[in-house]
Protein chains: 2
Amino acid sequence: MTQGASGDGPGRGETYSGAARERFERLYETLRNRICLLDYPPGHRLSEEALATEFGVSRTPLRRVLGWLEAQGLLRSVQGVGTIVTDVEIDALSQIYQLRMELAELIGRLGPREPDETMLTLFRNLRDRGQQLAESPDARAFAQFNIDVFQALMQVSNNKPLRETSERLFYLTSRIWLQSVPQIDLGQEATILAREVEELLTAIEIGDLAAVGLIRRAHISMSFIRLIRYRDG
Amino acid sequence: MTQGASGDGPGRGETYSGAARERFERLYETLRNRICLLDYPPGHRLSEEALATEFGVSRTPLRRVLGWLEAQGLLRSVQGVGTIVTDVEIDALSQIYQLRMELAELIGRLGPREPDETMLTLFRNLRDRGQQLAESPDARAFAQFNIDVFQALMQVSNNKPLRETSERLFYLTSRIWLQSVPQIDLGQEATILAREVEELLTAIEIGDLAAVGLIRRAHISMSFIRLIRYRDG
DNA sequence: AAATGCATTGTTGTGTACAACAACACGCGC
DNA sequence: GCGCGTGTTGTTGTACACAACAATGCATTT
């Protein structure tokens, strides 16, 4: 393949200011999803050469993507060894969860965004998806649903730094559920998450965004406790 | 210069696992300081080629450093134009300050670290420096002192994600004071900061770390209000 | 004189070859 | 049989040459 003559890259005309940036974000989200969905489990060593070949680029632009993922704490590159998917040890997990709880509450307090029809539709769709998921639990679908619920919640606040910080911490810890999937009660977790979405939807319909933050915080708190209990036995 | 034969690079034997990493961190902190101390003011276009030449490396390792700074929001690279130091517009500044206030309070609540003699000495030295600064105000010394006070405060909490998040937001906004230096009353600001350090030291000596967070939050809140007043007239 | 097209220049983005490094396996000595 | 040194292999790190791109200045045209 010749340089830059990517087949599907510049297809959409919305290259706001650079086709390279678009490709970067595509690679970034692709790899982040693979990490969060445990296609690349913690400790997995992925090869720059192999990834570059797969995506039809050279190592150079790929390394920029890996660099960002490393900056987010999802990867760790060490010379002579490889690029390793990070693992989250239990005490670091606890610290992140403590902070995530506080930030979840802030989502409803800092720059709340008035719920519009779009947001309501979004959460109603999530509620329906949650009910289906609770009826027929599936590990991967659960993980994806968890991500989608989080991303929907991020639209509640206008505070961009808060959203970015919450995102970073979320993607750092969301994998733990898929990792513990043999031990956890997937059906119960799906049911709990589905009910959380229902509660969130109720609060949004009323327009009480502070309540949204409190509900979310409570569920993060409880889910961490359940997680610890799962792991302990 | 041949590859890797840097004169001062591998001088210290504490290369925990890679001399490259050490060099990376040195470049990173150097450039971050230059940005935060306004050696590179917002809007400034810095050349990869020139920087690589200055540091005696090739563009490749330098680009990794620039990539991290871009991930932290301090730089913005655009093809064909250059690598530009970001500017903070007033509304984004407000959002960051709101979040910083909340995080400051959390510093005293999440994983507080018992003050030891080292920390007390650190803050007592800062108190002395603050008094000297208040007597003979200097813009650059004020900015550096502001950074050092912040870094000392980061040692109060054991929560690493909270520290990293606070750092990111701090370095994103600390430049605003040097930017406004013709308009602000530098002597007054130095006096206020020195007194804040005194208050913080008092709280630390008592061992009330929650108070530390509250004091810090209050000062962040007030300093933002003063900043807005400075800018408005 | 003003506007427009175009060449020039300088920048970041990309591809590629090689160096530095660490892990592994093999063979040698004990 | 066991320990150790060493070559081999695969990885990330680095340097460099070139492509893609945007801005600028200049000549040309209207």
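Worth saying up front: this structure is predicted, and the values here are computed from it rather than measured. Each chain gets a letter, A, B and so on, in the order the sequences are listed, and its residues count up from 1.
- When the C1' atom of dT11(D) is taken as reference, atom CZ of Arg76(A) falls 14 Å away, rounded to whole Å.
- Applying the 4.0 Å criterion to OP1 and OP2 of dT12(D), one finds that Thr83(A) has a side-chain N or O inside that range.
- The nucleotide whose nearest atom lies closest to any side-chain atom of Ala20(A) is, among dT14(D), dT11(C), dG13(C), dG13(C).
- Taking a 4.0 Å limit (strictly below) on heavy-atom distances, residues 59-72 of chain B reaches DNA chain D at Thr60(B), Pro61(B), Arg64(B).
- Rounded to whole angstrom, the span from the CD atom of Glu22(A) across to the C1' atom of dC21(D) amounts to 16 Å.
- When heavy atoms are screened at a 4.0 angstrom cut-off, Leu75(A) is found touching no nucleic acid atom at all.
- The nearest whole Å value for the distance from the CZ atom in Phe24(A) to the C1' atom in dC21(D) is 19 Å.
- Per the geometry, CG belonging to Leu27(A) stands 14 Å off C1' belonging to dG13(C), to the nearest Å.
- Every ring-ring contact (aromatic ring centres under 6.0 Å, His included) that Tyr97(A) has, sequence neighbours left out, goes to Phe224(A).
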Task: Derivation of the salt bridge (charged side-chain N to carboxylate O under 4.0 Å, His left out) call for Arg216(A) and Glu105(A) - done: CA-CA 7 Å; Arg216(A) 180 66 174 171; Glu105(A) 190 178 340; over 6 Å; no
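- The aromatic rings of Phe170(B) and Phe150(B) lie parallel to each other, their planes meeting at an angle below 30°, with 60° marking the opposite boundary.
- Across the protein-nucleic acid pair, Glu49(B) atom CD and dG13(C) atom P stand 14 Å apart, rounded to whole Å.
- Ion pairing of Arg175(A) with Asp87(A) is absent here, as no side-chain N (NZ or NE/NH1/NH2) approaches a carboxylate O to less than 4.0 Å.
- Atom CD in Glu48(B) sits roughly 14 Å away from atom C1' in dC21(D) (whole-Å rounding).
- Rounded to an integer number of Å, the gap from CD of Gln79(B) to C1' of dG15(C) is 14 Å.
- Of the residues near DNA chain C, Ser58(A) and Val81(A), the one whose nearest nucleotide (by heavy atom distance) lies more toward the 5' end is Ser58(A).
- Remark: Glu89(B) does not engage Lys160(A) in a salt bridge, criterion side-chain N to carboxylate O under 4.0 Å.
- Rounded to a whole Å, the CZ atom of Arg45(B) is 16 Å from the P atom of dT9(C).
- Of the N and O atoms on the side chains of Tyr230(A) and Glu189(A), at least one donor lies less than 3.5 Å from an acceptor on the other residue.
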Task: Full working for side chain to side chain donor-acceptor pair (under 3.5 Å) between Asp148(B) and Gln144(B) - done: CA-CA 6 Å; Asp148(B) 293 340; Gln144(B) 187 63 56; 3.3 Å; yes
